[in-house]
Amino acid sequence: MRCRCYWKGGDTAFEEQLYKPEHIEKIVAWGGFASVKHVTKYIQPGLELISLDPKRSATIIGSEAFESEDTLREVAVRAACDVGAGNQEGCVNARVIYVLSGTDEQGLERANRLGELVYESMLRLPGSLSTKPKVVNRTLLEHVEGSRLNDDWYRVYGGEDGEGAIVVSQLDEPVHYSMMLSGRVANIVPVDSIDKVTDAVNAYTQTIGIYPESLKTELRDRLPLFGAQRLTSLGYAASVNFTIPQDAMEPIRRMCKWIVDEQCDPDRVFPLWKAPDLVG
């Protein structure tokens, strides 16, 4: 009989007894560099390490989003779902949203309008999907307030009551605190070309929500070259099927122990022991 257990780690004396092939078959390490580095010293023949890296996700919205007001509102609702689902606690959630709106005056107007609509849509999400965060990162809120004071670089929608906010960059760069984005705080970044987006994709990029579908198809072969691992339709980033590949592998299959039971047909397989000079 096999079972699964969770061990936070840190007790070397206990780990030296636990991490042996006669006790366990696989170690699934999920965390940063320190946790994976720590557990590798116990790996030996018969004991496999499955390493799941910490990930960040991204969003790409094509210029087609601005074809009409109705389309823009639909895109805003989709983006709000990717930001707000589970209060943005997952690695699959949208945080930095790249928008192919352009960076000229009209392009910034389009990006700002999208930011306004995403914020409004986020507040209307059902409570079963997203709520006002109960725990707020005070340092993040201070950064958001600082952005609010700099109209030349940013536009901020919401955030006065810790309910979440959408920060729209007025240049083609994410906010300097992008790694802190959480609690339903996202950053919209206007860009002129897709090259600016691919420069931001790396091995730590997990999910990329994309609109429209034609753009996703166009980028399907290109983004993995930069490290992207999961491409999905905008609005469905948090709809994760855990049986499909993650971290560029199939972790569920790797966590199982696979046994082969072969039954060979002598009439179809001609082994050595059936050679005429042996059988007689």
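In this text, all values refer to a predicted model and were calculated from it rather than measured experimentally.
Here the side chains of E109 and E105 are in contact, with some heavy-atom distance below 4.5 Å. Between T103 and L171, the closest side-chain pair of non-hydrogen atoms is not below 4.5 Å. In this structure, the side chains of T71 and Y211 come closer than 4.5 Å at one or more pairs of heavy atoms. With a 4.5 Å cut-off on side-chain heavy atoms, V144 and Y177 count as touching. In this structure the side chain of L123 reaches within 4.5 angstrom of the side chain of R184, judged on heavy atoms.
The shortest non-hydrogen separation linking E163 to D161 is OE1-N, 3.0 Å. Closest of all the heavy-atom pairs between A200 and T205 is O-OG1, 4.2 Å. Scanning all heavy atoms of the two residues, the minimum distance from P190 to L108 falls at CG-CD2, 3.7 Å. Across all non-hydrogen atoms, the minimal contact from N87 to S130 is OD1-OG, 3.2 Å. Nearest approach of R95 to E89, heavy atoms of both residues: NH2-C, 4.2 Å.
Surrounding CD of E69 are more than 12 heavy atoms belonging to other residues, nucleotides or ligands, all under 6.0 Å away. A 6.0 Å sphere centred on OH of Y236 holds no more than 12 heavy atoms belonging to other residues, nucleotides or ligands.
A distance-only check finds no donor-acceptor pair linking the side chain of D82 to the backbone of A94 [under 3.5 Å]. E213 places no side-chain N or O within 3.5 Å of a backbone atom of S233 that could act as its donor or acceptor partner. With S121 contributing its side chain and L117 its backbone, the two residues share a donor-acceptor pair below 3.5 Å.
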Could you walk me through whether V99 and V168 pass the side-chain contact (heavy atoms from CB on, under 4.5 Å) check?
-> CA-CA 10 Å; V99 183; V168 183; over 6 Å; no
For side-chain contact (heavy atoms from CB on, under 4.5 Å), just list the numbers for L18 and Y42, CA-CA rounded to whole Å, side-chain angles, deciding distance to a tenth of an Å, and then say yes or no.
-> CA-CA 10 Å; L18 175 65; Y42 298 109; over 6 Å; no
Would N187 and S169 count as a side-chain contact (heavy atoms from CB on, under 4.5 Å) if you check the C-alpha gap in whole Å, the side-chain angles of each, and the deciding distance to 0.1 Å?
-> CA-CA 7 Å; N187 176 209; S169 297; 3.1 Å; yes
side-chain contact (heavy atoms from CB on, under 4.5 Å) assessment of N137 paired with M180 = CA-CA 9 Å; N137 185 325; M180 298 177 60; 3.9 Å; yes
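The pair R78-E74 meets the salt-bridge criterion, since a charged nitrogen lies less than 4.0 angstrom from a carboxylate oxygen. With respect to the salt-bridge test (charged N to carboxylate O, under 4.0 angstrom), the residues E15 and K41 do not qualify. Of the charged side-chain nitrogens involved, none lies within less than 4.0 Å of a carboxylate oxygen, so that E116 and R155 do not count as a salt-bridged pair.
Taken together through direct or relayed side-chain contacts under 4.5 Å among Ile, Leu, Val, Met, Phe, Trp and Tyr, L129 and V75 form part of one hydrophobic cluster. Cluster membership check: V201 does not share its hydrophobic cluster with I61, using side-chain heavy-atom separations under 4.5 Å among Ile, Leu, Val, Met, Phe, Trp and Tyr. Residues L225 and I60 fall within the same hydrophobic cluster, defined by Ile, Leu, Val, Met, Phe, Trp and Tyr side chains chained together at heavy-atom separations under 4.5 Å. Both L181 and V191 belong to a common hydrophobic cluster when Ile, Leu, Val, Met, Phe, Trp and Tyr are linked at side-chain heavy-atom distances under 4.5 angstrom. In the hydrophobic clustering of ILVMFWY residues, with side-chain heavy atoms under 4.5 Å counting as a link, I166 and V96 come out apart.
H143 and H176 have perpendicular rings, their planes meeting at more than 60° on a 0 to 90° scale where under 30° would count as parallel.
Taking CD1 of I97 as the start and CD1 of I188 as the end, the distance is 5.0 Å to the nearest 0.5 Å. The structure places CD of E48 at 4.0 Å from NZ of K26, a figure rounded to the nearest 0.5 Å. Remark: S63 OG to R110 CZ distance equals 8.5 Å, nearest 0.5 Å. Atom OG1 of T59 is separated from atom CG of N93 by 9.5 Å, given to the nearest 0.5 angstrom.
No donor-acceptor contact under 3.5 angstrom links the side chains of Q170 and D151, judged on distance only.
The aromatic ring centres of Y157 and Y119 sit 6.0 Å or more apart.
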